[in-house]
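Please read these numbers as outputs of a predicted model, since none were measured by experiment. Residue numbers start from 1 in every chain, and the chains themselves are labelled A, B, ... in the order their sequence lines are given, proteins ahead of strands.
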Amino acid sequence: MSGDSGTPTNFIRQIIDDDLASGKHATIHTRFPPEPNGYLHIGHAKSIVLNFGIAADYPGSCNLRFDDTNPAKEEEEFVEAIKDDVRWLGYDWAELRFASDYFEQLYDYAVELIRSGKAFICDLDADQVREYRGTLTEPGRPSPNRERSVDENLDLFTRMRAGEFPDGSRTLRAKIDMASPNINMRDPTLYRIRHGLIHHQTGDEWCIYPMYDYTHPISDAIEGITHSLCTLEFEDHRPLYDWVLDNITIACHPRQIEFSRLNLEYTVMSKRRLTQLVQERRVSGWDDPRMPTIAGLRRRGYTPESIRSFCDAIGVTKSEGTVEMGMLENSIRGHLDGIAPRRMAVLDPLKVVITNYPQDRVEALTADNHPKDAAMGSREIVLTREVFIDRADFREEANKKYKRLVLGGEVRLRNAYVIRCDEAVKDAAGEIVELRCTYDPDTLGQNPEGRKVRGVIHWVSATLAKRVEVRLYDRLFRTAHPGRGGSDFLDDLNPDSLKVVGNVVIEPALAEAMPGQRFQFEREGYFCVDPVDSQPGAPVFNRVVSLRDSWGKIAED
RNA sequence: UGGGGCGUGGCCAAGCGGUUAAGGCACCGGACUUUGACUCCGGCACUCGUAGGUUCGAAUCCUACCGCCCCAGCCA
């Protein structure tokens, strides 16, 4: 079971293996339970890959269940976006459920708790409840209403549902232990009153809504979930999860298991912060390519495969850490290297005139779409007397470590001939505006004899090039742990996280690229056609990730 | 000062009383190369938060410390 499909095992899969081996379960049922109050991010992907991955590798299934018990914060837009993201990641749920599907059953179970004397209607307001709850080191005191009769509780709960009481005036609380060292067990709230809200699934049918701690275990049990996987902060809630199921008449009792949530350097992962970035327009939206959201990564050009392999690579444990960006970047580079067709594009064009090349000649050359995968075929590129190369690929002089074009030196134009630079033409300000070179006609597909060329650079015909906009993304924050020292995380935003480069010259074939298509711009990086801002014939390219650059490290000379 | 967790190389992470302490990322060499990419080869923890103890034998068991995270919503 575990270990199939290349997925590494982890302590949760080991528990499942044991449960299968001991006969405790014959099939495994998990669920991914997002609250529809925001978009999914890479941290959710970890949970999705865990839950759906288990369903795929073991006999069993995984449900998608929206934890929609707080209509004040939830919206239909988010449920649709979440469904899209889960599907895009490559998963299909066995059943689509909403916690709100169970509101009637949840209500009935609450009545059962009241009848058995395990829940009561409390008249304390929120401030009073807090006072009565005690502190981390002092026990709480019982609510004055704790010993209300079953009949009175039943009557009051019925009237709560009927809408007779205003918001905040009463709650239904479990009767557990006000002296428990675990604050979650100090008579936790089960239901609160919320008038005037339109729930995206149930409309105005209800004015009382169940709390997470009460809803979650029952929802899991109703669905026959065997292993309820959640993050570490719910560890303290497990006794309550178990208490709820132990005190109502329900056959199923899932096992809650907690794992650590994902933290990634140079970004933020909390929904509160991501929401703030969107609402304050620090980014263009939930799908801004700089966002760690699934929608953002998708638009940026990440593939579902790369996100899944990233999740496999980071593992699942209970220890909290922060994963380096390099891990994520490695995953996407690895996938794109294999599937992205190569193209040439010059980000910072510098004109080169090949003086010994015929004025009107247009030479068709063939370039492989992939250096190691012949099945990806080849394409035609055209060479003309004037071409563009990147400004960074020329220096008037440099030591031997510099493997590009220098004055008097030779370099190969990728997929074409070797050229020698004879002159650098400058303007009045001393800025190089043009290079005058000569080419060696005997170097197409073969190396010159007796000379070694410094290196290979990419280029694009100046006369036939198309110009497009390219967006270069950098980390959204300039510090590995935004807002760490108690400072405002917004102060750590990287002002250079987006660089828009206009007038990037591309080989003609690229002008017809379709939204979502990914390419490797040779020697630059992987780029994806932006699905939002591209126009037919005028693609906008997002840089997914740069190529690994061993030169950049020693370039400071 | 209550309760619940976690501590293995820069990062993630195997390890579950007897292994030379997996693997990946990063990094450092080198090979290859018409992408300074990819690929390939080699290097990279006498040591597992610390200190004791048990044992023939401890990262794995015990004890005590230390550090970090979470919990006092009618949020999830």
Side-chain angles (χ1 to χ4, degrees), chain A residues 8-10 14 33-35 37 67 69-70 72-74 122 124-126 129-131 133-140 167-173 180-186 188-194 208-209 211-213 215-216 230-239 258 260 265 271-272 312-331 333-334 337-338 342 344 367-368 370-372 401-404 411-416 418 443-447 453 455-458 520-525 546-555:
Chain A
T9 191
N10 55 54
Q14 287 177 358
E35 181 188 14
N37 68 343
D67 234 318
T69 56
N70 185 4
K73 294 184 176 174
E74 299 152 4
C122 178
L124 261 25
D125 65 29
V129 168
R130 189 179 316 116
E131 280 173 38
R133 185 158 35 224
T135 68
L136 295 178
T137 52
E138 304 159 38
D167 285 9
S169 61
R170 289 181 221 267
T171 54
L172 177 71
R173 291 225 258 161
S180 173
N182 180 346
I183 291 184
N184 294 302
M185 300 299 270
R186 316 240 263 230
T189 302
L190 266 25
Y191 269 88
R192 73 286 211 180
I193 301 171
R194 287 289 177 275
I208 57 173
Y209 289 94
M211 300 288 288
Y212 166 87
D213 283 320
T215 308
H216 208 82
C230 62
T231 44
L232 252 30
E233 66 270 27
F234 292 104
E235 210 149 16
D236 285 341
H237 296 241
R238 193 181 344 126
E258 311 83 14
S260 64
E265 287 186 346
K271 226 179 282 192
R272 191 207 116 235
D312 286 342
I314 59 175
V316 177
T317 67
K318 290 179 74 111
S319 64
E320 299 175 275
T322 305
V323 176
E324 294 175 339
M325 261 304 172
M327 280 269 198
L328 220 208
E329 294 179 341
N330 178 258
S331 296
R333 284 195 184 106
D337 175 56
R342 305 302 102 135
M344 291 197 286
D368 290 336
H370 192 106
K372 294 186 175 176
K401 283 190 142 189
Y402 186 76
K403 294 162 59 177
R404 311 179 189 186
V411 79
R412 173 178 293 281
L413 293 182
R414 172 78 164 148
N415 295 125
V418 168
T443 55
L444 187 61
Q446 59 186 343
N447 287 322
V453 178
V456 182
I457 63 174
H458 56 102
Q520 183 198 96
F521 288 177
E522 295 204 54
R523 304 209 309 133
E524 290 289 355
S546 65
L547 248 34
R548 199 175 266 105
D549 179 20
S550 56
W551 165 249
K553 294 168 194 155
I554 54 176

Original post:
Measuring from A/Met185:CE to A/Asp236:CG, what's the distance to the nearest 0.5 Å?
Top reply: 11.0 Å
Original post:
Using 4.0 Å as the upper bound for N to carboxylate O, is an ion pair formed by A/Asp337 and A/Arg342?
Top reply: yes
**OP:** If B/C65 has a Watson-Crick or G-U wobble mate with both distances under 3.5 Å, name it; if not, just say none.
**Re:** B/G49
**OP:** Mind calculating the distance between CH2 (A/Trp551) and C1' (B/U35) to the nearest angstrom?
**Re:** 15 Å
**OP:** Give a yes/no on whether any side-chain N or O of A/Ser319 is located under 4.0 angstrom from OP1 or OP2 of B/A13.
**Re:** yes
**OP:** Have a look at A/Gln520 and tell me which of A/Glu524, A/Arg523, A/Glu522 forms a side chain to side chain contact (heavy atoms under 4.5 Å, CB included) with it.
**Re:** A/Glu522
Original post:
Which part of the nucleic acid, if any, lies within contact of A/Ser180, taking any heavy atom under 4.0 Å across all strands shown: a base, the sugar-phosphate backbone alone, or nothing?
Top reply: nothing
**OP:** Using the P atom on both, measure B/A59 against B/A21 and round to a whole Å.
**Re:** 9 Å
**OP:** Just call it for A/Gln520: base, sugar-phosphate, or nothing, with non-hydrogen atoms closer than 4.0 Å on any strand.
**Re:** base
Subject >> From B/A37, B/C6, B/C12, nucleotide with atom closest to A/Met327 side chain >> reply: B/C12
**OP:** Hey, could you give me the CD/CG distance between A/Glu74 and A/Asn37, rounded to the nearest 0.5 Å?
**Re:** 6.0 Å
Original post:
To the nearest angstrom, how far is A/Ile314 atom CD1 from B/A26 atom C1'?
Top reply: 16 Å
Subject >> Spatial distance of atom CZ (A/Arg333) from atom CG (A/Leu328) [nearest 0.5 Å] >> reply: 10.5 Å
**OP:** Answer with base, sugar-phosphate or nothing: what part of the nucleic acid does A/Ala416 contact at a heavy-atom distance below 4.0 Å?
**Re:** base
**OP:** For nucleotides 71-76 of chain B, just jot down a letter per nucleotide in 5' to 3' order: B, S or -, based on protein non-hydrogen atoms under 4.0 Å.
**Re:** BBSBSB
Original post:
For A/Gly445, which contact category applies under a 4.0 Å heavy-atom criterion: base, sugar-phosphate, or nothing?
Top reply: base
Original post:
In whole Å, what separates the P atom of B/G67 from that of B/U1?
Top reply: 10 Å
Subject >> Residue whose closest nucleotide on RNA chain B lies nearer the 5' end, A/Glu524 versus A/Lys318 >> reply: A/Lys318
**OP:** Could I get the full list of ring pair (Phe, Tyr, Trp, His ring centres under 6.0 Å) partners for A/His216, not counting sequence neighbours?
**Re:** A/Tyr212
Original post:
For atom C1', what is the distance between B/A37 and B/C32, given to the nearest Å?
Top reply: 13 Å
Original post:
For B/A72, what is the paired nucleotide under Watson-Crick or G-U wobble rules, both distances under 3.5 Å?
Top reply: none
**OP:** Scan every strand shown for a Watson-Crick or G-U wobble partner of B/G42, both distances under 3.5 Å, and answer none if you come up empty.
**Re:** B/C28
Subject >> Protein-nucleotide distance (A/Asp549, atom CG; B/A37, atom P), rounded to Å >> reply: 8 Å
Original post:
Mind checking who B/U54 pairs with, Watson-Crick or G-U wobble, both distances under 3.5 Å?
Top reply: none
Original post:
At under 4.0 Å between heavy atoms, what does A/Arg333 touch on the DNA or RNA strands: base, sugar-phosphate, or nothing?
Top reply: nothing
Subject >> Gap between atom CD1 of A/Ile457 and atom CG of A/Leu413 - 0.5 Å precision >> reply: 5.5 Å
**OP:** Just name whichever nucleotide pairs with B/A22, Watson-Crick or G-U, keeping both distances under 3.5 Å, else none.
**Re:** none
**OP:** Figure out the CG/P separation between A/Asp312 and B/C25, and round it to whole Å.
**Re:** 14 Å
Original post:
Do A/Glu235 and A/Lys318 meet the salt-bridge criterion of a basic N to acidic O distance under 4.0 Å?
Top reply: yes
**OP:** Grab the NZ-C1' distance between A/Lys372 and B/U39 for me, whole Å please.
**Re:** 4 Å
**OP:** Determine the Euclidean distance between corresponding P atoms of B/G29 and B/A22; express it in Å to zero decimal places.
**Re:** 24 Å
Subject >> Spacing between A/Asn330 atom CG and B/A37 atom P, to the nearest angstrom >> reply: 14 Å
Original post:
Per the atom types in the model, does the base of B/G10 pair as donor or acceptor with the side chain of A/Glu324 at under 3.5 Å?
Top reply: yes
**OP:** Please state how far atom NZ in A/Lys403 lies from atom C1' in B/A37, giving the value in whole angstrom units.
**Re:** 11 Å
Original post:
Do A/Met344 and A/Asn415 have side-chain heavy atoms sitting under 4.5 Å apart?
Top reply: yes
Original post:
With a 3.5 Å cut-off and just heavy-atom distances, do the side chain of A/Arg238 and the base of B/G4 make a donor-acceptor pair?
Top reply: no
Original post:
Taking CD from A/Glu235 and C1' from B/G4, how many angstroms apart are they, rounded to a whole number?
Top reply: 6 Å
Original post:
Which whole number of Å gives the distance between the C1' atom of B/G23 and that of B/C74?
Top reply: 48 Å
**OP:** Report yes if a side-chain nitrogen or oxygen of A/Ser550 is closer than 4.0 Å to either non-bridging phosphate oxygen (OP1 or OP2) of B/A37; otherwise report no.
**Re:** yes
Subject >> Spacing of the C1' atoms in B/G10 and B/C44 (rounded, Å) >> reply: 11 Å
Subject >> Glycosidic class, syn or anti, of B/G73 using a 90° window around 0 >> reply: syn
Original post:
With rounding to whole Å, what would you report as the distance between B/C61 and B/G15 at their C1' atoms?
Top reply: 16 Å
**OP:** Between B/U20 and B/G30, how far apart are the C1' atoms? Round to whole Å, please.
**Re:** 25 Å
Original post:
If pairing requires Watson-Crick or G-U wobble contacts with both distances under 3.5 Å, which nucleotide is the partner of B/C16?
Top reply: none
Original post:
From A/Arg173 CZ over to A/Leu190 CG, what is the distance, rounded to the nearest 0.5 angstrom?
Top reply: 10.5 Å
Original post:
Hey, is the side chain of A/Arg523 pairing donor to acceptor with the base of B/U35 inside 3.5 Å?
Top reply: no
Original post:
Given B/A14, is OP1 or OP2 found less than 4.0 Å from the side-chain N or O atoms of A/Gln14?
Top reply: no
